[in-house]
Amino acid sequence: MGLAHSASLLGKTVPGQMWIKRTVLEMGGKDGIVVDEEADIDSAVEGTAQAAFGYQGQKCSACSRVIVSEKIYDTFVQKLGGADEEITVGPSDDPEVHGPGSAVGMRRF
């Protein structure tokens with residue numbers, strides 16, 4: 001089923017339907033976040049940064065693609081660009097910081 005066909009079906013609502021249809025989308029092995037113009041941009045930026053950089057990005061579900069509505073794209077990118085400055089890097093045993101990774105600096109067996 002093509003993207004255009006899927007989008008046309010997903011975009012239709014039925015009488016009494018309050019929300020958009022919930023979907024699970026295959027994105028070619030890339031874990032993505034979709035942000036539309038109705039989103040709370042600050043919340044979307046925070047969620048994107050956490051999804052991308054949490055666990056140092058070393059998780060199978062780390063965000064690697066963000067699809068943003070053209071109407072809010074510039075604002076979103078500007079805010080996301082500053083989000084990495086708020087990340088504190090430090091020892092991996094400190095829960096308040098982003099550590100260097102699971103094997104870096106640790107004794108290997």
Side-chain angles (χ1 to χ4, degrees):
M1 186 181 287
L3 180 60
H5 180 69
S6 297
S8 70
L9 294 175
L10 294 172
K12 293 180 181 177
T13 58
V14 296
Q17 180 177 337
M18 295 178 59
W19 310 106
I20 62 170
K21 293 174 179 69
R22 305 306 197 245
T23 62
V24 176
L25 304 172
E26 171 56 47
M27 300 184 72
K30 297 291 186 182
D31 293 306
I33 294 176
V34 179
V35 183
D36 73 4
E37 61 267 12
E38 295 181 12
D40 176 327
I41 295 176
D42 292 328
S43 179
V45 166
E46 180 181 355
T48 300
Q50 288 175 351
F53 302 121
Y55 297 105
Q56 302 78 40
Q58 298 179 26
K59 58 181 182 168
C60 61
S61 61
C63 176
S64 57
R65 180 184 298 180
V66 184
I67 301 165
V68 182
S69 169
E70 191 173 3
K71 292 179 181 178
I72 61 168
Y73 178 83
D74 291 334
T75 303
F76 181 88
V77 169
Q78 180 182 19
K79 290 184 176 203
L80 183 62
D84 64 344
E85 295 174 4
E86 298 178 17
I87 296 173
T88 304
V89 178
S92 59
D93 60 351
D94 183 345
E96 299 298 317
V97 301
H98 287 278
S102 60
V104 176
M106 297 177 70
R107 183 176 173 188
R108 296 184 184 192
F109 294 97

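In terms of heavy-atom proximity, Ala62 sits nearest to Ala52 at CB-O, 4.2 Å. In plain terms, the two heavy atoms of Gly47 and Ile33 that are nearest each other are O-CD1, 4.3 Å. Shortest non-hydrogen contact noted between Val68 and Tyr73 is CG1-CA, 3.8 Å.
The side-chain contact (heavy atoms from CB on, under 4.5 Å) test with Lys79 is passed by exactly one of Thr48, Ile72, Ile41: Ile41.
Contacts of Asp36 classified as side chain to side chain donor-acceptor pair (under 3.5 Å), with partners at least two apart in sequence or in another chain: none. By the side chain to side chain donor-acceptor pair (under 3.5 Å) test, Ser69 pairs with Glu37, sequence neighbours left out.
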